[in-house]
Amino acid sequence: DRVLINLHGGAFCVGWDGIARLESIPIAALAKMRIISVNYRMAPEHRHPAGVEDVAAVYAALLEDYAPGHIGIFGGSAGGNLAAQAAAWLPAHGLPQAGAVGILGAGGAPFGWGESAWVTGYTDGSFPPPPPGASEAEDITKGYFDGWDMKDASISPAFHLDVLAKFPPTLILTGTRALDMSPAIFTNSQLLKAGVRSTLVVGEGMGHCFHYQLNVPEGRDACDLIVRFFRENLA
């Protein structure tokens, strides 16, 4: 009687269906829950809010068979950011809030925001540091957010306490060598300030989306934690 919606990573421009499988299969096997992974519209053909509109459409369809408190939403990297966007989008567009949300390898703020994109460029090999003189990290989304203010509530809800106050229980996962560490920490702090139950897990020495790495103990522990979080919060 519970279902999870997965939103795959891939910088809003790639990731279907390889990353979707990577994210969904281990969690489905461990949690013994049905997972629906959304093939949402991406750049360069589409622009925000195409992705979150697709998520909302899938969610609305699932409401025909599931209570909202029995539906969880999670994703890694861009999918984690999209999960945060979905938690902001649903109540703003007349839909009941989901039971829980997992923002993994991301935050409710842009990836290049804060110091982690700069620092971890020298401590982790996943993403290079911004070039000298750059005011922010390079856009790797192929223009998915072109024309938008990146602090808009539909893109970066972490900057809007009134929006965060409507979030469900939230799990945020990052690593000390992940470019998403600053957005993740900031989002957790803002959720707590808004009175929302938020759990922040920071993997020591771990990089971006380390829960993908089931060949290391930290990755397996992260998957177990994700499963436990949704079991406890999807009443």
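The chain is numbered in sequence order, starting from 1. For clarity, every value in this text was computed on a predicted model and none was experimentally measured.
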Asker: Would you say I19 ends up clustered with I25 if hydrophobic residues are merged whenever their side chains have heavy atoms under 4.5 Å apart, either directly or through other cluster members?
Answerer: no
Asker: Roughly how far apart are I172 CD1 and N188 CG, rounded to 0.5 Å?
Answerer: 4.5 Å
Asker: When you group the ILVMFWY residues by side-chain heavy-atom contacts below 4.5 Å and let the links chain together, are F12 and V52 in the same group?
Answerer: yes
Asker: I'd like to know whether L4 forms a side-chain contact (heavy atoms from CB on, under 4.5 Å) with L234, so could you lay out the CA-CA distance, the side-chain angles of the two residues, the decisive distance to 0.1 Å, and finally the verdict.
Answerer: CA-CA 10 Å; L4 299 178; L234 301 185; 3.7 Å; yes
Asker: Going by side-chain heavy atoms closer than 4.5 Å, which hydrophobic residues are tied to Y122, directly or by a chain of links?
Answerer: none
Asker: For R21, which residues count as a salt bridge (charged side-chain N to carboxylate O under 4.0 Å, His left out) partner, sequence neighbours excluded?
Answerer: D17
Asker: For R177, give me all partners under side-chain contact (heavy atoms from CB on, under 4.5 Å), at least two apart in sequence or on another chain.
Answerer: T123, D124
Asker: Using the ring pair (Phe, Tyr, Trp, His ring centres under 6.0 Å) rule, collect all pairs that involve residues 20-40, keeping only residues at least two apart or in two chains.
Answerer: H8-Y40
Asker: If you measure from CG on L225 to CZ on F229, what distance do you get to the nearest 0.5 Å?
Answerer: 9.0 Å
Asker: Could you note down all residue pairs passing salt bridge (Lys or Arg N to Asp or Glu O under 4.0 Å) where residues 47-60 supplies at least one of them, sequence neighbours left out?
Answerer: R41-E53, R41-D54
Asker: Can you see which heavy atom on Y144 is nearest to which on A50, and at what distance?
Answerer: OH-N, 3.7 Å
Asker: Quick one: do V55 and I155 end up in the same hydrophobic cluster if we chain Ile, Leu, Val, Met, Phe, Trp and Tyr together by side-chain heavy atoms under 4.5 Å apart?
Answerer: yes
Asker: Could you give the distance from CD1 (I5) to CZ (R34), rounded to the nearest 0.5 Å?
Answerer: 10.5 Å
Asker: V14: which other cluster members, linking ILVMFWY side chains closer than 4.5 Å, directly or transitively?
Answerer: none
Asker: Holding to side-chain contact (heavy atoms from CB on, under 4.5 Å), I want the full list of residues that pass it with T174, two or more places apart in sequence or in another chain.
Answerer: A178, D180, M181, A184, L200, V202
Asker: Do you know which two heavy atoms are closest between T176 and G205, and how far apart they sit?
Answerer: OG1-N, 2.7 Å
Asker: Is there side-chain contact between F167 and S198, with at least one heavy-atom pair below 4.5 Å?
Answerer: no
Asker: Could you tell me whether a side-chain N or O of Q190 sits under 3.5 Å from a main-chain N or O of A158, the two making a donor and an acceptor?
Answerer: yes
Asker: Compare every heavy atom of Q85 with every heavy atom of F145, then report the nearest pair and how far apart it is.
Answerer: CZ-NE2, 3.7 Å
Asker: Find the distance between CH2 (W16) and CG (N39) and round it off to the nearest 0.5 Å.
Answerer: 5.0 Å
Asker: Please list, chain by chain and in numerical order, all residues satisfying side-chain contact (heavy atoms from CB on, under 4.5 Å) with S24, sequence neighbours excluded.
Answerer: N6, I35, S37
Asker: Among residues two or more places apart or on two chains, list those pairs meeting ring pair (Phe, Tyr, Trp, His ring centres under 6.0 Å) that have a residue in residues 184-223.
Answerer: W113-F186, F127-H208, F159-F186
Asker: Please tabulate, for the side chains in residues 93-111, all donor-acceptor contacts under 3.5 angstrom to protein atoms that are two or more places apart in sequence or on a different chain.
Answerer:
residue : atom : partner : partner atom : Å
H93     : ND1  : W89     : O            : 2.9
Q97     : NE2  : A87     : O            : 2.9
Q97     : NE2  : K166    : O            : 2.8

Asker: Tell me if a side-chain donor or acceptor on Y59 pairs with a main-chain N or O of I73 at a distance below 3.5 Å.
Answerer: no
Asker: For V3 versus I36, what's the shortest heavy-atom pair and its separation?
Answerer: CG2-CG1, 4.0 Å
Asker: Working note: T187 + T170, criterion side-chain contact (heavy atoms from CB on, under 4.5 Å); need CA distance, chi angles, decisive distance, verdict.
Answerer: CA-CA 10 Å; T187 301; T170 301; over 6 Å; no
Asker: When rounded to the nearest 0.5 angstrom, what distance separates CG in N81 from OG1 in T141?
Answerer: 10.0 Å
Asker: Can you give me the closest heavy-atom contact between G75 and A83, atom names plus distance?
Answerer: N-CB, 4.3 Å
Asker: Say whether F74 and M206 are linked into one hydrophobic cluster, either directly or through other cluster members, by side-chain heavy-atom distances under 4.5 angstrom.
Answerer: yes
Asker: Tell me which pairs pass salt bridge (Lys or Arg N to Asp or Glu O under 4.0 Å) where either residue lies in residues 226-235, with sequence neighbours left out.
Answerer: none
Asker: Verify the cluster assignment for V196 and L173: are they in a single hydrophobic cluster under the rule of side-chain heavy atoms below 4.5 Å apart?
Answerer: no
Asker: Could you list the residues that satisfy side-chain contact (heavy atoms from CB on, under 4.5 Å) with E115, not counting sequence neighbours?
Answerer: V119, S182
Asker: Search all heavy atoms of N233 against all heavy atoms of R197 and return the closest pair with its distance.
Answerer: OD1-NH2, 3.0 Å
Asker: With rounding to the nearest 0.5 Å, note down the distance linking CD1 in I27 to CG in D224.
Answerer: 8.5 Å
Asker: Determine yes or no for a side-chain-to-main-chain donor-acceptor pair under 3.5 angstrom, with H160 supplying the side chain and K151 the backbone.
Answerer: yes
